[in-house]
Amino acid sequence: MTSRSPDTHRPLSYALLVHGAPYGHQAALSALRFARALAQRGHRVATVFFYHDGVHNASTLMSPPQDELSLQAGWRELHAQQGSALLVCVAAGLRRGLLDEAEAARHGKPAANVEPPFELTGLGQLVDAMFSHDRLLTFAP
Amino acid sequence: MTTIQNIDAARHDLLVILRHAPHGSAWLREGLEVALVAAAFGKRVALMFQADGVYALMAGQQAGALGQKGTHPQIAMLEMYDIETLWVSEEALLQRGLEPDDLMLPVTLLDSRTLAHVTRENPYTLVF
């Protein structure tokens, strides 16, 4: 923190790009912690985009032990508190078995594991998020 | 050799840095996918190949014994998407015993100082 100009206190809109799977790497939890810290400083995470192995963060079926933090609950709470869009790359998600009801029906699968507020979407939304927010940060393993 | 003195580093909207080889992980495939989509959305995209990422450009690649589709079809599409700025780390290329003639497409070799300069000049950067 070298600059103390008034401009540094302007609320900024952030996009976070998450490449890390939950629990296997620190990346997703770091992204969530960063998002909470931003809110405390008066900023807002407008978009979280899950790509690469990060798409696994969207799984409704995630079932960590009760004495561990639930990343699924954490992302939902972020959406509830900051209105953050939780966007999941559909191509990366389908390959890895992340399907909402429409995709499950379309591919003849017996179950779906992506539910609102998570949304399957295209990479164009990531490009949009990059250029429409003040900052984009990547969290990768 | 393009150097820090004569490079036009900042005329792109998005810089995608690729550091992984074609096979063995999804990093290269998914990084190239972002570059192609951004270009399709009208963004001016530059690619930077570092470390094992230089293998992405090797001529003569095929869908290999690992049962993966490979990434050479994506590399072959770059020109069609007007992605023509291909910056390659000269050091990474030499370390792997490769020369520009071994690559599928014409590239611009950069020394490490110029790579750092280019990265600084492009605020919109994604690393894969």
Side-chain angles (χ1 to χ4, degrees), chain A residues 3 7-8 12-22 24-28 30-31 34 46-58 87-98 119-141, chain B residues 10-48 50-53 56 63 66-71 73-74 77-78 80-83 85 119-128:
Chain A
S3 172
D7 194 46
T8 57
L12 299 177
S13 72
Y14 279 75
L16 307 184
L17 173 58
V18 179
H19 288 318
H25 293 277
Q26 181 66 28
S30 291
F34 184 76
T47 302
V48 184
F49 195 94
F50 300 97
Y51 191 42
H52 193 70
D53 287 347
V55 296
H56 290 291
N57 284 276
L87 307 180
V88 184
C89 173
V90 63
L94 285 180
R95 279 199 185 91
R96 291 167 173 87
L98 277 299
E119 292 172 57
L120 293 175
T121 182
L123 278 174
Q125 294 280 92
L126 170 61
V127 177
D128 267 356
M130 264 193 109
F131 292 94
S132 60
H133 301 337
D134 295 310
R135 299 282 187 276
L136 177 132
L137 272 85
T138 300
F139 291 82
Chain B
R11 62 191 170 85
H12 301 92
D13 300 314
L14 173 64
L15 171 63
V16 178
I17 300 180
L18 302 164
R19 302 173 303 158
H20 289 81
H23 300 282
S25 81
W27 285 113
L28 179 62
R29 156 176 298 281
E30 293 184 341
L32 285 168
E33 207 60 47
V34 174
L36 293 172
V37 168
F41 275 62
K43 303 297 181 192
R44 294 164 301 173
V45 179
L47 298 182
M48 180 190 286
Q50 292 185 341
D52 280 349
L66 293 180
Q68 294 191 1
K69 273 165 76 178
T71 47
Q74 289 171 295
M77 280 195 292
L78 294 177
M80 200 169 77
Y81 282 77
D82 294 327
I83 301 177
T85 302
T119 312
R120 265 198 311 277
E121 293 293 314
N122 285 275
Y124 292 95
T125 300
L126 292 174
V127 183
F128 288 91

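As a basis for the values below, the full set of heavy atoms in this structure was taken, side chains included, without hydrogen atoms, waters or symmetry mates. We name chains A, B, ... by the order of the sequence lines, and we start the count at 1 in each one.
- Within residues 34-42 of chain B, the residues having any heavy atom closer than 4.5 Å to a heavy atom of chain A are B:Val34, B:Val37, B:Ala38, B:Phe41, listed by residue number.
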Between chain A and chain B, which donor-acceptor pairs sit under 3.5 Å apart?
from: B:Glu30; atom 1: O; to: A:Tyr51; atom 2: OH; distance (Å): 2.6
from: B:Glu30; atom 1: OE1; to: A:His52; atom 2: ND1; distance (Å): 2.9
from: B:Glu30; atom 1: OE1; to: A:Arg96; atom 2: NH2; distance (Å): 3.2
from: B:Glu30; atom 1: OE2; to: A:Arg96; atom 2: NH1; distance (Å): 2.8
from: B:Glu30; atom 1: OE2; to: A:Arg96; atom 2: NH2; distance (Å): 3.3

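- With chain B as partner, the option from A:Leu17, A:Leu123, A:Val127 having the largest number of non-hydrogen pairs under 4.5 angstrom is A:Leu123.
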